**Q** 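My questions will all concern the structure given below.
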Amino acid sequence: MTTTQVPGYVFDNEHADAAEQHRCLAGAYDAFTTRRLSRLPLAPGSVCLEVGAGAGSVARWLAERVAPGGSVLATDVKPQHTPSTPGVEVLTHDITRDPLPEGAFDVIHARLVLLHLPERIDVLRRLVAALRPGGWLQLDEFDETTYGPLVPLGASGDAAAAAYRSYLGAKLRLLESAGADLTWGRSAATAMHRAGLVGIDAEPEVQQWRAHSPGTALQVHNTRHLRDRFLAAGMTGEQLEEAAAAMRHPDFLASSCLMYSTQGQRPAGEPAAGTSA
(Lines give C-alpha, C1' and ligand atoms only; values in the text may rest on other atoms or scores of the structure.)
Protein backbone atom coordinates (compact mmCIF):
# COMPACT_ATOMS: atom_id res chain seq x y z
CA MET A 1 0.00 0.00 0.00
CA THR A 2 1.11 3.60 -0.53
CA THR A 3 1.36 5.76 2.58
CA THR A 4 2.32 9.36 3.26
CA GLN A 5 5.58 9.39 5.18
CA VAL A 6 6.32 11.93 7.89
CA PRO A 7 9.68 13.53 7.04
CA GLY A 8 12.36 12.17 9.36
CA TYR A 9 10.21 9.30 10.59
CA VAL A 10 10.01 5.97 8.79
CA PHE A 11 7.24 4.23 10.77
CA ASP A 12 3.98 5.64 9.42
CA ASN A 13 0.85 5.30 11.58
CA GLU A 14 -1.25 4.97 8.44
CA HIS A 15 0.56 1.80 7.41
CA ALA A 16 -1.42 -1.44 7.71
CA ASP A 17 1.23 -2.82 10.10
CA ALA A 18 1.38 0.21 12.41
CA ALA A 19 -0.78 -1.27 15.17
CA GLU A 20 1.48 -4.32 15.38
CA GLN A 21 4.52 -2.03 15.51
CA HIS A 22 3.08 -0.33 18.61
CA ARG A 23 2.23 -3.69 20.21
CA CYS A 24 5.76 -4.97 19.67
CA LEU A 25 7.31 -1.77 21.06
CA ALA A 26 5.14 -1.94 24.18
CA GLY A 27 6.00 -5.59 24.73
CA ALA A 28 9.71 -4.96 24.35
CA TYR A 29 10.16 -1.66 26.21
CA ASP A 30 7.20 -0.66 28.40
CA ALA A 31 8.62 -2.45 31.45
CA PHE A 32 11.89 -0.50 31.23
CA THR A 33 10.16 2.80 30.46
CA THR A 34 7.69 2.57 33.35
CA ARG A 35 10.33 1.37 35.80
CA ARG A 36 12.29 4.51 35.03
CA LEU A 37 9.23 6.75 35.19
CA SER A 38 8.37 5.32 38.60
CA ARG A 39 11.52 7.04 39.93
CA LEU A 40 10.03 10.46 39.16
CA PRO A 41 7.73 12.41 41.51
CA LEU A 42 4.43 11.35 39.93
CA ALA A 43 1.57 12.06 42.28
CA PRO A 44 -2.18 12.75 42.21
CA GLY A 45 -2.69 16.06 40.47
CA SER A 46 0.47 15.92 38.34
CA VAL A 47 0.24 17.08 34.72
CA CYS A 48 2.12 14.98 32.16
CA LEU A 49 2.93 15.10 28.46
CA GLU A 50 3.50 11.92 26.43
CA VAL A 51 5.09 12.76 23.05
CA GLY A 52 4.68 10.29 20.21
CA ALA A 53 2.14 8.32 22.22
CA GLY A 54 1.66 5.49 19.73
CA ALA A 55 -0.92 3.07 21.11
CA GLY A 56 -1.06 4.96 24.40
CA SER A 57 0.20 2.29 26.78
CA VAL A 58 2.62 4.63 28.59
CA ALA A 59 0.05 7.46 28.64
CA ARG A 60 -2.45 5.15 30.34
CA TRP A 61 0.19 4.06 32.87
CA LEU A 62 0.94 7.71 33.67
CA ALA A 63 -2.78 8.55 34.01
CA GLU A 64 -3.20 5.85 36.63
CA ARG A 65 -0.36 7.31 38.70
CA VAL A 66 -1.54 10.93 38.60
CA ALA A 67 -5.20 10.22 39.39
CA PRO A 68 -7.22 11.66 40.91
CA GLY A 69 -6.88 15.22 39.73
CA GLY A 70 -3.97 14.74 37.34
CA SER A 71 -3.94 14.58 33.57
CA VAL A 72 -1.91 13.29 30.63
CA LEU A 73 -1.74 15.00 27.25
CA ALA A 74 -0.89 12.29 24.69
CA THR A 75 0.32 13.69 21.37
CA ASP A 76 1.16 12.16 18.03
CA VAL A 77 1.39 13.48 14.51
CA LYS A 78 -1.13 10.78 13.55
CA PRO A 79 -2.86 9.70 16.78
CA GLN A 80 -5.40 7.25 15.37
CA HIS A 81 -3.87 4.40 17.41
CA THR A 82 -4.01 6.35 20.69
CA PRO A 83 -7.32 5.78 22.48
CA SER A 84 -8.84 8.51 24.60
CA THR A 85 -9.21 7.04 28.11
CA PRO A 86 -9.96 8.54 31.53
CA GLY A 87 -7.25 11.01 32.43
CA VAL A 88 -5.76 11.01 28.91
CA GLU A 89 -6.41 13.75 26.34
CA VAL A 90 -5.30 12.86 22.81
CA LEU A 91 -4.04 15.65 20.54
CA THR A 92 -2.89 15.65 16.92
CA HIS A 93 0.41 17.46 17.22
CA ASP A 94 3.67 17.77 15.28
CA ILE A 95 6.35 18.24 17.91
CA THR A 96 8.69 19.82 15.34
CA ARG A 97 6.41 22.79 14.60
CA ASP A 98 3.19 22.94 16.63
CA PRO A 99 3.23 25.06 19.81
CA LEU A 100 3.38 23.69 23.35
CA PRO A 101 2.39 25.63 26.47
CA GLU A 102 5.46 26.85 28.33
CA GLY A 103 6.01 25.84 31.95
CA ALA A 104 2.95 23.57 31.94
CA PHE A 105 4.06 20.00 32.69
CA ASP A 106 5.43 18.20 35.74
CA VAL A 107 6.68 15.22 33.71
CA ILE A 108 7.32 14.89 29.98
CA HIS A 109 8.17 11.57 28.36
CA ALA A 110 9.13 10.62 24.80
CA ARG A 111 10.34 7.24 23.58
CA LEU A 112 12.11 6.75 20.25
CA VAL A 113 10.91 10.08 18.90
CA LEU A 114 13.83 12.53 18.88
CA LEU A 115 16.13 9.83 17.48
CA HIS A 116 14.25 10.05 14.17
CA LEU A 117 13.93 13.83 13.94
CA PRO A 118 16.61 15.94 12.25
CA GLU A 119 15.26 18.85 14.36
CA ARG A 120 15.90 16.93 17.60
CA ILE A 121 17.86 19.68 19.37
CA ASP A 122 15.20 22.30 18.67
CA VAL A 123 12.54 19.82 19.81
CA LEU A 124 14.50 19.16 23.00
CA ARG A 125 14.63 22.89 23.79
CA ARG A 126 10.87 23.14 23.29
CA LEU A 127 10.27 20.21 25.64
CA VAL A 128 12.48 21.82 28.28
CA ALA A 129 10.55 25.07 27.96
CA ALA A 130 7.27 23.16 28.41
CA LEU A 131 8.41 21.84 31.81
CA ARG A 132 7.39 23.59 34.98
CA PRO A 133 10.34 24.70 37.10
CA GLY A 134 11.27 21.53 39.00
CA GLY A 135 9.64 19.32 36.35
CA TRP A 136 11.27 16.26 34.79
CA LEU A 137 11.95 15.10 31.24
CA GLN A 138 12.59 11.44 30.36
CA LEU A 139 13.86 10.44 26.92
CA ASP A 140 14.14 6.75 26.05
CA GLU A 141 16.33 6.40 22.96
CA PHE A 142 18.42 3.78 21.15
CA ASP A 143 22.11 3.82 20.45
CA GLU A 144 21.69 1.90 17.21
CA THR A 145 25.44 1.38 16.74
CA THR A 146 25.72 -1.18 19.55
CA TYR A 147 24.38 -4.41 18.04
CA GLY A 148 27.74 -5.96 18.70
CA PRO A 149 28.74 -5.75 15.82
CA LEU A 150 25.68 -6.73 13.76
CA VAL A 151 26.45 -10.42 14.38
CA PRO A 152 24.01 -12.81 16.09
CA LEU A 153 25.33 -14.74 19.06
CA GLY A 154 23.55 -17.85 17.83
CA ALA A 155 21.98 -18.83 14.51
CA SER A 156 20.89 -21.94 12.64
CA GLY A 157 23.86 -21.64 10.27
CA ASP A 158 26.15 -19.31 8.38
CA ALA A 159 23.45 -18.39 5.87
CA ALA A 160 21.04 -17.41 8.67
CA ALA A 161 23.73 -15.33 10.38
CA ALA A 162 24.49 -13.57 7.09
CA ALA A 163 20.78 -12.91 6.47
CA TYR A 164 20.38 -11.29 9.90
CA ARG A 165 23.53 -9.23 9.42
CA SER A 166 22.38 -8.05 5.98
CA TYR A 167 18.93 -7.09 7.30
CA LEU A 168 20.25 -5.16 10.28
CA GLY A 169 22.87 -3.32 8.26
CA ALA A 170 20.26 -2.30 5.68
CA LYS A 171 17.89 -1.12 8.41
CA LEU A 172 20.53 1.12 9.97
CA ARG A 173 21.40 2.61 6.60
CA LEU A 174 17.80 3.42 5.74
CA LEU A 175 17.19 4.98 9.17
CA GLU A 176 20.27 7.13 8.82
CA SER A 177 19.30 8.18 5.28
CA ALA A 178 15.93 9.35 6.68
CA GLY A 179 17.68 11.67 9.14
CA ALA A 180 17.94 9.46 12.24
CA ASP A 181 20.89 9.94 14.58
CA LEU A 182 22.01 6.36 15.30
CA THR A 183 24.06 7.50 18.32
CA TRP A 184 21.36 9.71 19.86
CA GLY A 185 20.76 7.41 22.84
CA ARG A 186 24.25 8.02 24.18
CA SER A 187 24.18 11.70 23.15
CA ALA A 188 20.91 12.61 24.85
CA ALA A 189 22.37 13.16 28.34
CA THR A 190 24.85 15.78 27.10
CA ALA A 191 22.17 17.43 24.97
CA MET A 192 19.80 17.63 27.94
CA HIS A 193 22.53 19.16 30.11
CA ARG A 194 23.28 21.75 27.43
CA ALA A 195 19.56 22.56 27.24
CA GLY A 196 19.66 23.57 30.90
CA LEU A 197 18.48 20.45 32.74
CA VAL A 198 20.13 19.29 35.96
CA GLY A 199 20.32 16.04 37.90
CA ILE A 200 20.93 14.13 34.68
CA ASP A 201 20.64 10.36 35.06
CA ALA A 202 21.08 7.93 32.16
CA GLU A 203 20.48 4.19 32.52
CA PRO A 204 21.25 1.78 29.67
CA GLU A 205 19.41 -1.46 29.02
CA VAL A 206 20.51 -4.27 26.75
CA GLN A 207 18.27 -7.24 26.03
CA GLN A 208 18.96 -10.82 25.05
CA TRP A 209 16.89 -11.61 21.98
CA ARG A 210 15.69 -15.15 21.32
CA ALA A 211 13.25 -16.37 18.70
CA HIS A 212 10.18 -15.47 20.75
CA SER A 213 11.48 -12.38 22.58
CA PRO A 214 9.43 -9.18 22.18
CA GLY A 215 12.48 -7.42 20.76
CA THR A 216 12.93 -10.13 18.15
CA ALA A 217 9.25 -9.91 17.28
CA LEU A 218 9.79 -6.19 16.68
CA GLN A 219 12.67 -6.89 14.29
CA VAL A 220 10.70 -9.54 12.39
CA HIS A 221 7.80 -7.11 12.17
CA ASN A 222 10.09 -4.43 10.71
CA THR A 223 10.84 -6.70 7.74
CA ARG A 224 7.16 -6.23 6.84
CA HIS A 225 6.50 -2.69 8.07
CA LEU A 226 9.53 -1.26 6.28
CA ARG A 227 9.42 -3.66 3.33
CA ASP A 228 8.99 -0.94 0.70
CA ARG A 229 11.93 1.01 2.13
CA PHE A 230 14.11 -2.11 2.25
CA LEU A 231 13.29 -2.89 -1.38
CA ALA A 232 14.06 0.70 -2.39
CA ALA A 233 17.38 0.37 -0.56
CA GLY A 234 18.33 -2.68 -2.62
CA MET A 235 17.26 -5.65 -0.54
CA THR A 236 15.09 -8.29 -2.18
CA GLY A 237 11.90 -9.81 -0.86
CA GLU A 238 13.71 -13.15 -0.63
CA GLN A 239 16.45 -11.61 1.53
CA LEU A 240 13.86 -10.13 3.90
CA GLU A 241 12.11 -13.49 4.19
CA GLU A 242 15.44 -15.21 4.91
CA ALA A 243 16.18 -12.67 7.66
CA ALA A 244 12.75 -13.15 9.24
CA ALA A 245 13.15 -16.94 9.12
CA ALA A 246 16.58 -16.67 10.76
CA MET A 247 15.12 -14.64 13.64
CA ARG A 248 12.21 -17.06 14.10
CA HIS A 249 14.48 -20.12 14.30
CA PRO A 250 14.83 -21.65 17.80
CA ASP A 251 18.62 -21.35 17.57
CA PHE A 252 18.50 -17.57 17.13
CA LEU A 253 20.20 -15.51 19.84
CA ALA A 254 21.33 -11.90 19.61
CA SER A 255 22.16 -8.90 21.73
CA SER A 256 19.95 -5.85 21.31
CA CYS A 257 21.33 -2.39 20.84
CA LEU A 258 21.44 -0.23 23.95
CA MET A 259 18.35 1.67 25.02
CA TYR A 260 19.26 4.69 27.16
CA SER A 261 16.62 6.10 29.48
CA THR A 262 17.80 9.60 30.33
CA GLN A 263 16.15 11.85 32.91
CA GLY A 264 16.78 15.50 33.71
CA GLN A 265 15.10 18.18 35.81
CA ARG A 266 14.38 21.79 34.96
CA PRO A 267 15.91 23.86 37.74
CA ALA A 268 13.35 25.06 40.24
CA GLY A 269 12.81 28.82 40.32
CA GLU A 270 14.75 29.72 37.19
CA PRO A 271 14.26 29.39 33.43
CA ALA A 272 16.18 26.74 31.54
CA ALA A 273 18.93 27.76 29.12
CA GLY A 274 17.65 29.03 25.80
CA THR A 275 14.09 29.60 27.06
CA SER A 276 12.21 32.68 28.17
CA ALA A 277 11.29 33.25 31.79
Side-chain angles (χ1 to χ4, degrees), residues 3 5 9-13 15-33 52 54-55 57 81 111-113 115-116 140-178 180-186 204-261:
T3 60
Q5 292 290 344
Y9 192 70
V10 301
F11 297 101
D12 195 323
N13 273 353
H15 194 283
D17 289 317
E20 179 67 7
Q21 172 80 6
H22 296 312
R23 189 192 69 80
C24 289
L25 280 169
Y29 295 108
D30 272 10
F32 181 50
T33 289
S57 58
H81 299 283
R111 182 172 68 196
L112 303 177
V113 176
L115 163 72
H116 295 282
D140 299 336
E141 302 278 8
F142 288 146
D143 176 353
E144 296 265 15
T145 66
T146 55
Y147 282 99
L150 308 186
V151 177
L153 304 174
S156 56
D158 290 344
Y164 174 73
R165 185 167 59 248
S166 177
Y167 151 75
L168 205 53
K171 180 184 173 184
L172 298 184
R173 289 192 297 274
L174 73 84
L175 288 174
E176 193 166 35
S177 69
D181 179 354
L182 302 184
T183 68
W184 175 243
R186 70 173 183 257
E205 180 185 66
V206 63
Q207 297 181 359
Q208 184 184 79
W209 287 348
R210 296 187 178 275
H212 300 294
S213 299
T216 307
L218 178 63
Q219 297 303 316
V220 172
H221 172 75
N222 287 168
T223 66
R224 301 190 301 273
H225 195 171
L226 300 180
R227 179 182 176 86
D228 290 346
R229 288 184 179 266
F230 278 117
L231 297 179
M235 288 197 79
T236 66
E238 182 179 3
Q239 287 174 317
L240 290 171
E241 290 165 7
E242 289 171 352
M247 289 185 278
R248 292 191 186 104
H249 194 280
D251 290 343
F252 179 75
L253 176 64
S255 174
S256 74
C257 69
L258 287 174
M259 163 79 87
Y260 284 92
S261 179

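The structure displayed is predicted, hence computed values, not measured ones.
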**Q** Going by an N to O cut-off under 4.0 Å, is there a salt bridge joining E20 and R23?
**A** yes

**Q** Where the side chain of T223 meets the backbone of A244, is there a donor-acceptor pair that is under 3.5 Å apart?
**A** no

**Q** Determine the minimum heavy-atom distance between L218 and C24, stating which atoms define it.
**A**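 So the two residues come closest at CD1-CB, 3.7 Å.
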
**Q** Could you check if a side-chain atom of S213 sits within less than 4.5 angstrom of a side-chain atom of Q208, using non-hydrogen atoms only?
**A** no

**Q** Please determine whether side chain to side chain contact (heavy atoms under 4.5 Å, CB included) holds for the pair D143 and C257, giving the CA-CA distance in whole Å, both sets of side-chain angles, and the decisive distance to 0.1 Å.
**A** CA-CA 6 Å; D143 176 353; C257 69; 5.9 Å; no

**Q** From R248 CZ over to E241 CD, what is the distance, rounded to the nearest 0.5 angstrom?
**A**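 With rounding to 0.5 Å, CZ (R248) is 9.5 Å from CD (E241).
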
**Q** Could you state the interatomic distance from NE2 (H212) to CZ (F252), rounded to the nearest 0.5 Å?
**A**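 With rounding to 0.5 Å, NE2 (H212) is 12.0 Å from CZ (F252).
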
**Q** For residues P204 and F32, report the shortest heavy-atom separation together with the two atoms involved.
**A**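 Taking every non-hydrogen atom into account, C-CZ, 4.3 Å.
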
**Q** For E141 and D181: C-alpha separation, side-chain torsions, deciding distance, then whether side chain to side chain contact (heavy atoms under 4.5 Å, CB included) applies.
**A** CA-CA 10 Å; E141 302 278 8; D181 179 354; over 6 Å; no

**Q** Provide the closest heavy-atom pair for A254 versus Y164 in the form atom of the first, atom of the second, distance.
**A** CB-OH, 3.8 Å

**Q** Which atom names give the shortest non-hydrogen contact between A243 and Y167, and what distance separates them?
**A**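 Shortest heavy-atom separation between A243 and Y167 comes out as CB-CB, 3.5 Å.
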
**Q** Considering only heavy atoms from C-beta outward, does the side chain of E205 approach that of L258 to under 4.5 Å?
**A**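 No - every pair of side-chain heavy atoms lies 4.5 Å or more apart.
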
**Q** Can you tell me how far the CZ atom of R229 sits from the CG atom of L174, to the nearest 0.5 Å?
**A**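 Reported to 0.5 Å precision, the distance equals 7.0 Å.
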
**Q** Please check if the side chain of T216 supplies one atom and the backbone of A211 the other of a donor-acceptor pair under 3.5 Å.
**A** no

**Q** Just by distance, do the side chain of T33 and the backbone of D30 share a donor-acceptor pair under 3.5 Å?
**A**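 A pair under 3.5 Å: no.
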
**Q** Out of the candidates L226, V220, N222, only one should pair with R224 under the side-chain contact (heavy atoms from CB on, under 4.5 Å) rule; please name it.
**A** V220

**Q** Would you give the length of the straight line joining atom CZ of R186 to atom OG1 of T146, rounded to the nearest 0.5 angstrom?
**A** 8.0 Å

**Q** Taking atom CD of E144 and atom CD of E176, what is their separation to the nearest 0.5 Å?
**A** 10.5 Å

**Q** Give, for atom CD of Q207 and atom OH of Y29, the distance between the pair rounded to the nearest 0.5 Å.
**A** 4.5 Å

